[in-house]
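Indexing begins at 1, ligand by ligand and atom by atom, following the structure's order.
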Amino acid sequence: MEVTVGTAALALALLLLPVLYERSGSFRFFCKMGFYNGWILLLALVAIPLCALRGRDVENMKIIRGLMQHVKHLYGIRMVVRGAQHFPPRQPYVVVSNHQSSLDLLGMMEVLPDRCVPIAKRELLYMGAVGVACWLGGIIFIDRKRTHDAISVMAEAAHTMLSQDVRVWVFPEGTRNHSGSMLPFKRGAFHLAVQAQVPVVPIVISSYQHFYSKRERRFTAGQCVIQVLPPLPTRGLGPADVPALTERVRAAMLEAFEALSAELRPTAPPPAPQ
Ligand SMILES: CCCCC/C=C\C/C=C\CCCCCCCC(=O)SCCNC(=O)CCNC(=O)[C@H](O)C(C)(C)COP(=O)(O)OP(=O)(O)OC[C@H]1O[C@@H](n2cnc3c(N)ncnc32)[C@H](O)[C@@H]1OP(=O)(O)O
Ligand SMILES: CCCCCCCC/C=C\CCCCCCCC(=O)OC[C@@H](O)COP(=O)(O)O
């Protein structure tokens, strides 16, 4: 009898789910984000054996990129890349980009150059299969609570970039930022570029506000522009130049971010005729 009641309750709940999905924006939001995380976890399980054939290797980022590129279609997100010609050919560089949400992975995978690894917080390592896939992809992990250790890891990265022809992708805001602007930039990425004497390539991912908002629990289809800005050389610069370089790059990125936000903002409907 208990089994029958339980089964009936489960069947009813399953029947109600599509209704709830249709009627509740919040429920839809949580379903979409849950599926996003679950799907990435599943993709990581596919990526692990493929990447393990090489061991920990930057070339594995091509596998991760390839496996991730369809995800935007599942959500109806159209991605437009502008300025891809600005990527310097055949040389190491440091990419810096704004960081709004875990959705940034989609934009990153859209433009990720070959032999380019992100710098990520070490907590990602403990996300089960995702952590293992990230490790196999050669992602560089830093402990944000230990500044001295993080700086050592980045100094080592400067060496690796030159000796192994590797590019590095950093989110200089250091954390996700949903404010609709950009946080002050931390200087690690710019020290890294100056230490390795390689250019900084700024990338701006347009605001998600018109199709995604964590606060409002809104996630619909939409368009995202990924704008690659002209690289800034660092040859001849030293540690004393890092603050000015940081501010120059942030100002250029903020200007591009605001221009994209204005361009993509849905235009208000025309006023109703009197
Ligand atoms: C298909 C299968 C899929 C499976 C896998 C699925 C998905 C994975 C795929 C891809 C993964 C993508 C990765 C995801 C992205 C994750 C993004 C993140 O994790 S963001 C968070 C981590 N990143 C950062 O924090 C980078 C930015 N931070 C910095 O650069 C910081 O400066 C810092 C180095 C971390 C240190 O920060 P802290 O707050 O502790 O200190 P300060 O910034 O105030 O710096 C103190 C002082 O030190 C100087 N400094 C900084 N760096 C250096 C350096 N390298 N060398 C010398 N000096 C340095 C700095 O200038 C300050 O001094 P001063 O105040 O005098 O200027
Ligand atoms: C055995 C443990 C199993 C745990 C399973 C966890 C499952 C998680 C599954 C998929 C997660 C997919 C998203 C991973 C990539 C997220 C990248 C990201 O955006 O990181 C945030 C980081 O930039 C800044 O962090 P904070 O904003 O400071 O916070």
Side-chain angles (χ1 to χ4, degrees), residues 33-52 58 60-71 94-110 112 116-159 161 168-179 182-196 200 205 208 214 234 238-247 249-250:
M33 289 315 288
F35 181 81
Y36 181 74
N37 289 333
W39 192 246
I40 289 178
L41 199 56
L42 209 70
L43 290 173
L45 288 170
V46 176
I48 289 171
L50 299 175
C51 294
V58 219
N60 283 333
M61 283 311 294
K62 283 187 190 153
I63 296 176
I64 293 175
R65 187 180 63 192
L67 284 170
M68 289 280 297
Q69 274 178 341
H70 69 284
V71 179
V94 175
V95 172
V96 292
S97 84
N98 55 319
H99 197 13
Q100 303 177 74
S101 143
S102 60
L103 290 189
D104 294 340
L105 284 185
L106 305 182
M108 173 190 265
M109 295 304 162
E110 196 67 14
L112 190 78
C116 182
V117 287
I119 287 191
K121 58 176 184 181
R122 65 178 280 116
E123 289 85 338
L124 274 193
L125 256 182
Y126 307 118
M127 285 189 176
V130 170
V132 177
C134 287
W135 183 83
L136 286 167
I139 288 176
I140 299 166
F141 296 99
I142 55 168
D143 185 345
R144 291 180 296 182
K145 291 185 207 84
R146 294 172 184 262
T147 302
H148 185 75
D149 291 358
I151 290 175
S152 303
V153 169
M154 290 179 90
E156 207 177 299
H159 186 259
M161 287 177 81
V168 173
W169 183 306
V170 185
F171 291 101
E173 289 169 279
T175 187
R176 286 167 287 180
N177 163 40
H178 318 274
S179 76
M182 281 182 212
L183 297 175
F185 281 6
K186 291 178 176 288
R187 293 181 181 152
F190 306 93
H191 278 291
L192 173 62
V194 165
Q195 279 160 16
V200 175
I205 303 175
Y208 302 143
K214 190 176 179 179
T234 63
D241 301 306
V242 165
L245 175 68
T246 307
E247 289 319 310
V249 172
R250 184 174 180 277

> Quick one: does atom 44 (O) of ligand 1 have a protein heavy atom under 4.0 Å from it?
Replying inline: no
>> Taking only non-hydrogen atoms of Glu123, do any sit less than 4.0 angstrom from ligand 2?
In response: no
> Which ligand 2 atoms does Leu105 reach within 4.0 Å, using its non-hydrogen atoms?
Replying inline: 15 (C)
> Non-hydrogen atoms of Glu173 versus ligand 1: any pair closer than 4.0 Å?
Replying inline: no
> Looking at Tyr126, which atoms of ligand 2 are within less than 4.0 Å of one of its heavy atoms?
Replying inline: 2 (C)
> Does atom NE2 of His159 have more than 12 heavy-atom neighbours from other groups under 6.0 Å away?
Replying inline: no
> Who gets closest to atom 37 (O) of ligand 1 by heavy atom: Lys186, His99, His191?
Replying inline: Lys186
> Is any heavy atom of the protein nearer than 4.0 Å to atom 33 (C) of ligand 1?
Replying inline: no
> With a 4.0 Å cut-off on heavy atoms, does Ala155 reach ligand 1?
Replying inline: no
> What about Ser101: any of its N or O atoms under 3.5 Å from an N or O on ligand 2?
Replying inline: no
> Heavy atom of Arg176 under 4.0 Å from ligand 1?
Replying inline: no
> Would you call Tyr36 a ligand 2 contact, heavy-atom distance under 4.0 Å?
Replying inline: no
> Judging by distance only, is a nitrogen or oxygen of Arg144 under 3.5 angstrom from one on ligand 2?
Replying inline: yes
> Where does Glu173 meet ligand 2, judged by heavy-atom distances below 4.0 Å: at the side chain, the backbone, both, or neither?
Replying inline: neither
> Would you say atom 39 (O) of ligand 1 touches the protein, meaning some protein heavy atom is under 4.0 Å from it?
Replying inline: yes
>> Check the orientation of Phe185 and Phe190. Use parallel for under 30°, tilted for 30 to 60°, and perpendicular for over 60°.
In response: parallel
> If you count the atoms of ligand 1 from 1 in the order shown, which ones are under 4.0 Å from a heavy atom of Ala133?
Replying inline: 4 (C)
